[in-house]
Amino acid sequence: GAVVSQHPSWVICKSGTSVKIECRSLDFQATTMFWYRQFPKQSLMLMATSNEGSKATYEQGVEKDKFLINHASLTLSTLTVTSAHPEDSSFYICSAPPGLAGLGWQETQYFGPGTRLLVL
Amino acid sequence: GENVEQHPSTLSVQEGDSAVIKCTYSDSASNYFPWYKQELGKRPQLIIDIRSNVGEKKDQRIAVTLNKTAKHFSLHITETQPEDSAVYFCAASIGRFNDYKLSFGAGTTVTVRA
């Protein structure tokens, strides 16, 4: 139980284009999902909290107009990197806690496989 | 906000020996402490977690200890094997309980020498 998928697994795009990344909880409903960014040999940096049915909350220093988050359903959150630039190249990972789904402790975060973004 | 410090940043051990990674946190309200293992290019995988009402938890070769008074917790891996080589992250809960947010340590790269 508590499986999280992410798509695409990698993407290469030109500078100035927008990229959408999907995060899905496959066997539970997730009212909350988290989006992280991880640079090589660094830790996971929380970017934002995705809330089903309401606006995402962003961490300090993360531009909400650049990283658009939509939590359209209880199993899907999307992150859109708008007008991507080379400095946005990174490993983007989502996670979801099962909450009250009955899949272990409600606060345990299960991670998607990540999306590697390369902006040329 | 919560600040999680993790030491050491790198750890090399001989196969069969034990590995210990230590973390400290700053927010006394933190009550959930997971440990993740991340192999190169892969997702972080939960290996063990503990809540603040428990001082120690063990799962086969892996154990976690928590000292809530001192605000530190540790990961212990016994009888290390080459497949234990990975980056390990500790984390502590932040914010309100039902926020489910975590603050992560900087990570420890563990290398098990055969």
Side-chain angles (χ1 to χ4, degrees), chain A residues 1-7 9-10 23 25 28 30-52 54 56-61 90-101 103-118, chain B residues 1-11 21 23 25 27 29-54 57 59 64 86-111:
Chain A
V3 178
V4 177
S5 71
Q6 203 171 325
H7 179 80
S9 56
W10 60 268
C23 178
S25 56
F28 65 99
T31 56
T32 301
M33 292 183 176
F34 298 98
W35 286 97
Y36 294 85
R37 182 166 51 182
Q38 186 177 35
F39 291 108
K41 298 187 178 181
Q42 293 190 21
S43 188
L44 297 154
M45 297 301 298
L46 179 64
M47 298 176 65
T49 303
S50 176
N51 305 296
E52 191 272 336
S54 64
T57 53
Y58 291 81
E59 296 301 302
Q60 192 173 4
S90 187
F91 191 49
Y92 292 86
I93 316 177
C94 68
S95 75
L100 301 176
L103 297 172
W105 286 350
Q106 55 184 303
E107 66 267 62
T108 300
Q109 289 189 25
Y110 294 95
F111 285 87
T115 297
R116 195 162 301 280
L117 171 64
L118 176 61
Chain B
E2 177 68 282
N3 182 36
V4 178
E5 294 193 0
Q6 183 172 345
H7 298 281
S9 57
T10 61
L11 181 59
I21 304 171
C23 289
Y25 61 99
D27 187 353
S30 295
N31 59 7
Y32 173 65
F33 308 91
W35 286 87
Y36 288 87
K37 174 184 179 182
Q38 187 179 29
E39 298 177 358
L40 190 63
K42 301 286 184 64
R43 77 182 84 193
Q45 297 269 19
L46 178 74
I47 56 172
I48 196 167
D49 53 7
I50 192 169
R51 278 179 165 162
S52 59
N53 59 345
V54 176
K57 183 178 178 180
D59 183 5
V64 56
V87 180
Y88 292 81
F89 294 100
C90 64
S93 59
I94 55 177
R96 297 173 300 173
F97 174 73
N98 57 2
D99 279 352
Y100 306 144
K101 288 174 68 172
L102 295 174
S103 178
F104 283 83
T108 298
T109 301
V110 173
T111 303

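Order of the sequence lines sets the chain letters (A, B, ...), proteins ahead of strands, with each chain counted from 1.
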Measure distances from B/F89 to the heavy atoms of chain A and classify the residue's part below 4.5 Å as side chain, backbone, both or neither.
side chain
Heavy-atom cut-off 4.5 Å, strictly under: side chain, backbone, both or neither for A/L46 against chain B?
side chain
Sort A/Q109 into side chain, backbone, both or neither according to what part of it lies under 4.5 angstrom from a heavy atom of chain B.
both
Taking every heavy atom of A/V4 against every heavy atom of B/R43, the minimum-distance pair comes out as O-NH1, 3.0 Å
Check salt bridge (Lys or Arg N to Asp or Glu O under 4.0 Å) between B/K42 and all other residues, then give those that pass, not counting sequence neighbours.
none
What part of A/Q38 lies closer than 4.5 angstrom to a heavy atom of chain B: side chain, backbone, both or neither?
side chain
Where B/K101 and A/E59 come nearest, the two heavy atoms and their spacing
NZ-OE2, 2.9 Å
Winner by heavy-atom pair count (cut-off under 4.5 Å) against chain A, out of B/L102, B/T109, B/L46:
B/L102
Side-chain heavy atoms of B/Y32 within contact of A/T108, under 4.5 Å:
yes
Given heavy-atom pairs under 4.5 angstrom as the criterion, report whether the side chain, backbone, both or neither of A/P113 touches chain B.
both
Return the option, out of B/A91, B/G107, B/G105, B/P44, with the maximum number of heavy-atom pairs under 4.5 Å with chain A.
B/P44
Looking at A/S95, A/P40, A/G112, which makes the most heavy-atom pairs under 4.5 Å with chain B?
A/G112
Between B/G41 and A/F91, what is the shortest heavy-atom contact and its length?
O-CZ, 4.1 Å
Bottom line for B/Q38: the part with an atom under 4.5 Å from chain A's heavy atoms is side chain
